[in-house]
There are 2 protein chains.
Amino acid sequence: MAEQVTLADVAHWAGVSLATASRALHGAGGRTVRPDLRARVLAAAAELDYSPNANAQAIVRGSTSTVGLVVQDLGDPTGAAVAAGVMAAASERDLIVTVAATGFDPALQIRHVEALRRQRARAIILAGARFADPETTDRLADELRGYGVGGGGLAVIGRPGLPAPTVVTDDVGGSRRLALALHGLGYRRFAVLTGPEDLLTAEDRVSGFLDGLAAVGTTVPDEDVLSAAVTRDGGYAAMTELLDREEIGNGTGTGTGSDGKLLVFAVSDTMAVGAMAAARDRNIRIGPDLALAGFGDTPALRDVRPGLSTVRLPLVDLGRWAVDLALPGHERPGSSADPEAPPLMSTPADVVLRESTPPVPG
Amino acid sequence: MAEQVTLADVAHWAGVSLATASRALHGAGGRTVRPDLRARVLAAAAELDYSPNANAQAIVRGSTSTVGLVVQDLGDPTGAAVAAGVMAAASERDLIVTVAATGFDPALQIRHVEALRRQRARAIILAGARFADPETTDRLADELRGYGVGGGGLAVIGRPGLPAPTVVTDDVGGSRRLALALHGLGYRRFAVLTGPEDLLTAEDRVSGFLDGLAAVGTTVPDEDVLSAAVTRDGGYAAMTELLDREEIGNGTGTGTGSDGKLLVFAVSDTMAVGAMAAARDRNIRIGPDLALAGFGDTPALRDVRPGLSTVRLPLVDLGRWAVDLALPGHERPGSSADPEAPPLMSTPADVVLRESTPPVPG
DNA sequence: CTGTTAGCGCCTTCAG
DNA sequence: CTGAAGGCGCTAACAG
């Protein structure tokens with residue numbers, strides 16, 4: 001087994017002391033090392049193909065240069081967009097990003113935060129996926145708190161309520177506005193495709209949507225709120241189930257059913273795309289026969305046709321802002337603010353209407 | 001600034017020695033610590049909210065539990081799919097994944113490998129993005145070699161040629177077969193949307209495609225091979241440029257132009273989707289008016305309509321296999337094999353024909 | 001079984 | 001400006 005080259009080797013090879021080698025290499029605080037020695041050290045390092053041990057540096061410096069991102073699913077375009085934002089912002093600060101996917105498992109979420117904490121990550125960004133279960137939430141909050149007192153930067157994207165600075169997404173308001181806009185278009189009959197019922201973000205979007213409808217005197221029967229995994233396949237499955245029992249006009253261009261054209265609201269664009277595929281597989285045209293809306297305006301999904309009406313979340317910026325929040329300027333975090341009343345940053349959530357929800361004639 | 005709790009604190013609080021505390025906590029090699037002491041240590045750790053310093057562990061163990069993935073762009077569904085595979089495989093081995101995006105910058109690629117090497121990552125997976133520039137390639141090879149002798153696991157996804165085990169994608173063969181299949185469908189007029197000319201993977205796909213066509217006596221004029229960024233927007237731009245000067249039937253359903261319907265081959269599905277959007281914006285129907293094919297069969301893009309003809313790469317599995325290759329069983333890597341003749345693993349690349357390339361009538 | 005003692009690779013006072 | 005020495009947090013031989 002090949003041995004690693006250490007700083008001592010370099011120093012020895014260059015004929016200087018360990019300290020000098022160290023100074024020459026990462027030359028902190030002005031060039032306080034004689035040029036010729038410095039050159040010798042550099043040459044030695046190059047010759048020996050020296051690679052400084054970041055772990056050793058971390059242990060003595062007390063901090064690393066990695067920021068950890070915990071996301072639900074990188075395969076999902078939504079998660080990927082947030083990750084892209086985080087990575088861009090991190091890269092500007094010369095930080096490395098560690099990504100972990102929880103796959104909707106709350107326990108995994110906690111484990112990943114633990115791991116990041118152990119690595120002494122400079123910051124942790126927790127994206128989405130809050131669960132209703134109070135026990136795991138408490139565990140998570142504890143872990144976050146522990147990490148915070150350790151001096152790590154922290155930010156959460158999504159729903160407020162965790163002891164950390166949060167980039168708040170207006171899930172409730174956005175869905176509510178969507179409902180109103182859709183009602184304004186003439187829709188009166190609705191169904192909802194949501195996630196598992198303990199997924200708070202999905203829950204918020206559903207309640208916002210139903211609230212908005214209620215405000216204009218419309219309700220959605222309970223059995224028309226279907227839950228499934230918040231994935232493309234979940235959307236497909238839920239839509240299939242819905243289609244199995246609803247009456248949808250196919251080919252008339254007007255829509256039928258008991259009371260006008262049905263509008264299906266999927267709580268995420270990803271689910272909506274799955275739903276779209278399910279409809280297509282039954283020769284039901286999205287737009288003319290059945291209307292569909294999603295949530296997120298995921299960039300990678302903007303090319304879907306017909307264009308998907310949705311609520312625009314600045315996904316990439318969410319990632320950027322989260323690292324801004326987690327790693328503020330050069331101040332020491334955690335010293336000034338009350339950790340129990342962390343800063344919140346609100347973000348827009350505007351309705352975007354496209355062809356998947358054409359105005360209802362008449 | 002809050003102090004971190006160390007193992008010494010825990011040991012002290014529990015009234016035991018450092019060594020005992022260590023043993024009790026990560027209890028390696030059978031329970032060799034008295035239950036009551038063990039309990040006291042655990043209690044102390046919990047009470048103090050102790051979080052072991054992974055860096056310190058790494059430095060003494062000589063190895064970490066992170067695998068680094070270097071990919072072009074996580075925002076691109078292709079990169080995301082590979083990442084998903086890597087993360088799944090890593091998770092099975094209890095490893096954490098660090099993801100870095102190079103954004104098509106060869107220098108960044110090297111910097112990321114350097115960083116991973118410094119962190120003493122357990123393995124490095126380099127996905128795609130090989131450049132023609134010999135200097136950066138050499139630098140990269142050096143870095144990889146240095147990392148390899150340090151005992152790190154290593155795997156490359158894509159084109160062989162780097163001093164590392166490689167999961168080889170059959171870009172040349174796949175494109176070639178695609179060309180033949182398309183010719184078999186009746187197409188005789190082609191254009192190609194490729195990446196920057198120093199991007200080897202793109203280059204391979206183009207040459208495979210042209211080769212295939214040449215084998216059946218068809219050629220593509222140089223000016224009909226357009227290059228742009230290998231992104232959705234790059235595809236859009238290149239297609240727009242192409243459309244500005246080609247004659248495409250629009251609405252006749254038969255296609256026109258000088259010699260039958262044009263088929264556009266984009267070297268990646270992502271580009272193809274952009275190209276599709278460009279065509280749509282000009283009311284040119286993909287399928288009836290103009291045919292389009294991509295490469296990769298990116299899972300997230302399978303719902304695109306009309307279905308995109310492409311060459312299927314097992315993207316997610318590519319990621320999985322790469323970690324298998326980088327972290328073989330329990331053998332010591334690097335001791336047996338010749339590093340200059342690293343193992344190669346071939347993968348399928350089958351043609352998938354969908355609606356975007358209907359058979360040409362007549 | 002438990003405690004003491006070396007390091008691991010590096011940075012950083014502290015004297016020269 | 002340079003070198004020697006101490007310590008970061010932890011594990012792994014060693015003794016007891």
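The shown structure was predicted, so the numbers you read here are calculated from the model rather than taken from an experiment. Residue numbering restarts at 1 for every chain, and letters A, B, ... go by the order of the sequence lines.
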Student: Rounding to an integer number of Å, can you tell me how far B:L48 CG sits from D:dG9 C1'?
Tutor: 15 Å
Student: Does this structure show an ion pair linking A:R40 with A:E47, if we count only N-O contacts that are shorter than 4.0 Å?
Tutor: no
Student: Could you tell me how far apart B:L25 (CG) and D:dG9 (P) are, to the nearest whole angstrom?
Tutor: 15 Å
Student: How does each nucleotide of nucleotides 3-10 of chain C score, in 5' to 3' order, for protein heavy atoms under 4.0 Å: base (B), sugar-phosphate only (S), or none (-)?
Tutor: BB--BBBS
Student: Are the side chain of A:S51 and the backbone N or O of A:D49 linked by a donor-acceptor pair below 3.5 Å?
Tutor: no
Student: Quick one: do A:R111 and B:D94 make a salt bridge, cutoff under 4.0 Å?
Tutor: yes
Student: Can you list, pair by pair, the side-chain donor-acceptor contacts under 3.5 Å of residues 95-102 of chain A, counting residues two or more places apart and other chains?
Tutor:
residue, atom, partner, partner atom, Å
A:T98, OG1, B:T98, OG1, 2.8
A:T102, OG1, A:F104, N, 3.4

Student: Between A:R139 and A:E135, is the closest basic N to carboxylate O distance under 4.0 Å?
Tutor: no
